[in-house]
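Okay, structure first, notes after.
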Number of protein chains: 2
Amino acid sequence: MLSIGALGKRTGTKVQTIRYYEQIGLMPEPGRTEGGQRRYGDAELDRLAFIRHSRELGFSLEAIRELLDLSDSPERSCAQVDAVAQRQLKEVEARIARLEVLRIELQRMISECSADRVADCRILEVLRDHEECLADHGGPGA
Amino acid sequence: MLSIGALGKRTGTKVQTIRYYEQIGLMPEPGRTEGGQRRYGDAELDRLAFIRHSRELGFSLEAIRELLDLSDSPERSCAQVDAVAQRQLKEVEARIARLEVLRIELQRMISECSADRVADCRILEVLRDHEECLADHGGPGA
DNA sequence: ATACGAGCTACAGCAACTGTAGGTTCAAGC
DNA sequence: GCTTGAACCTACAGTTGCTGTAGCTCGTAT
């Protein structure tokens, strides 16, 4: 039986994050000691490890919820699991593509500026004037 | 003189977003009509365009604040502007690198799974077991 | 004169946590 | 058995960068 701190250490998760996962129903309510402290077993350890690993691969909590639900019905087709993973791959690829555009534009902007004074700075000029920018403006690059 | 809606249309910014920028001090408090509606001139239009374009290139609002401050002192060296842009470039590059790792791992995971049943799904297996993953776990891939 | 789109303030909500305050419990050492 | 202090508890505010809602007022076109 693990305390919340021990579980956190084992999975690389902050204590508050574990309580947060419980609050949003991603982790089950665990058993408690007489004094009211949470105690976890192996099932919870595995579940949290799954969640954390999925987060590291960039899955949203919603997607993880879906994956956890799917993995609870082992006899079903795994096509849906595949679909979730594919969706995530597509998202990652889209993010990379958008960031590549930004990278190119930032590099160009920086390399063009050889001014001393702020007044002549190409970087600020490009930022001021949309038209000088080659990037395709697909929204903030998050 | 532009209304807030007209300014928004010209810069591709939602009305609430403009008011938000004003609230956090990124946009100045504009003049008002008798009835209390905001009216904007060219200076504000330019400033908002600068902000939006910088956002599109992924700069944080804090970084933009810094750039705006710098561009207010045109006689200063633009080394600081350069530093802000370099920092942003580094961040973008780091994000790309992290996402590349994720992309590889997701692709591998997906390509390895040819199971029918959830019970045998390689994707879930990899997500369950850290050790099967080649990715380097540098945190969520945002 | 009236209708109605656009504007106003103030506040709640999103993702996914993280941090704080102020109090309680557990386990180890003496 | 008692004390200490790290770890736990709840509840709530804050982060980033907005977005949406409610309930009102304003401006302008007809």
Side-chain angles (χ1 to χ4, degrees), chain A residues 1-27 29-40 44 48 50-68 88 91-92 95 98 102 138-142, chain B residues 1-27 29-40 44 48 50-68 88 91 95 98 138-142:
Chain A
M1 283 299 175
L2 295 164
S3 70
I4 195 169
L7 180 67
K9 226 158 247 167
R10 290 262 223 124
T11 57
T13 315
K14 301 219 162 149
V15 165
Q16 282 106 318
T17 303
I18 299 172
R19 288 198 281 247
Y20 169 71
Y21 288 161
E22 180 184 329
Q23 194 187 304
I24 63 170
L26 208 58
M27 285 293 286
E29 288 186 24
R32 302 264 185 160
T33 61
E34 297 247 317
Q37 298 197 355
R38 292 167 178 82
R39 287 296 178 266
Y40 296 95
E44 283 103 332
L48 184 55
F50 183 100
I51 294 170
R52 293 310 288 178
H53 193 194
S54 302
R55 283 296 296 137
E56 279 163 1
L57 287 169
F59 288 91
S60 70
L61 294 182
E62 254 337 285
I64 293 168
R65 210 186 285 274
E66 206 177 329
L67 290 171
L68 283 166
Q88 176 60 17
E91 252 168 63
V92 167
R95 267 192 262 168
R98 219 165 46 225
L102 300 193
Chain B
M1 283 298 175
L2 296 164
S3 71
I4 194 168
L7 181 66
K9 228 159 245 164
R10 292 263 222 120
T11 56
T13 315
K14 302 219 160 146
V15 166
Q16 282 104 319
T17 304
I18 299 173
R19 288 198 282 246
Y20 170 70
Y21 288 162
E22 181 184 328
Q23 195 188 305
I24 62 170
L26 209 56
M27 286 292 287
E29 288 186 23
R32 303 266 185 158
T33 63
E34 297 248 318
Q37 298 197 356
R38 291 168 178 82
R39 287 296 178 267
Y40 296 95
E44 284 102 331
L48 184 54
F50 183 99
I51 294 169
R52 293 310 289 177
H53 193 194
S54 301
R55 283 295 297 138
E56 279 162 1
L57 287 169
F59 287 91
S60 71
L61 294 183
E62 253 338 284
I64 294 169
R65 208 186 286 273
E66 206 176 330
L67 290 170
L68 284 167
Q88 176 60 16
E91 253 168 62
R95 269 193 260 168
R98 220 165 46 225

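The chains referred to below are lettered A, B, ... by the order of the sequence lines, with proteins before strands, and numbering in each begins at 1.
For the pair Gln23(A) CD and dC12(D) P, the interatomic distance rounds to 11 Å; values are reported in whole Å. Rounded to whole Å, the distance from OH on Tyr20(B) to P on dG20(D) is 15 Å. Rounding to whole angstrom units, CD of residue Glu22(A) and C1' of dT10(D) are separated by 12 Å. Atom pair Arg55(B):CZ and dG17(D):P shows a separation of 5 Å (rounding to whole Å applied).
With hydrogens and angles ignored, a donor-acceptor pair closer than 3.5 Å exists between the side chain of Gln16(B) and the base of dG20(D).
The side chain of Gln37(A) lies closest to dC9(D), out of dT9(C), dT19(D), dC9(D). Distance from the side chain of Tyr21(A) is smallest for dC17(C) among the nucleotides dC17(C), dT10(D), dG20(D).
The distance from atom CZ of Arg55(A) to atom CD1 of Ile64(A), rounded to the nearest 0.5 Å, is 5.5 Å.
Along DNA chain C, the nucleotide closest to Gly36(B) and the one closest to Arg39(A) are compared, and the more 5′ of them pairs with Gly36(B). Between Arg32(B) and Phe59(A), the residue anchored nearer the 5' end of DNA chain C, judged by the nucleotide with its closest heavy atom, is Arg32(B).
In this structure, Glu44(A) contributes its side chain and Leu7(A) its backbone to no donor-acceptor pair below 3.5 Å.
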Could you go step by step and tell me if Glu62(A) and Arg65(A) meet the salt bridge (Lys or Arg N to Asp or Glu O under 4.0 Å) rule? CA-CA 5 Å; Glu62(A) 254 337 285; Arg65(A) 210 186 285 274; 3.0 Å; yes
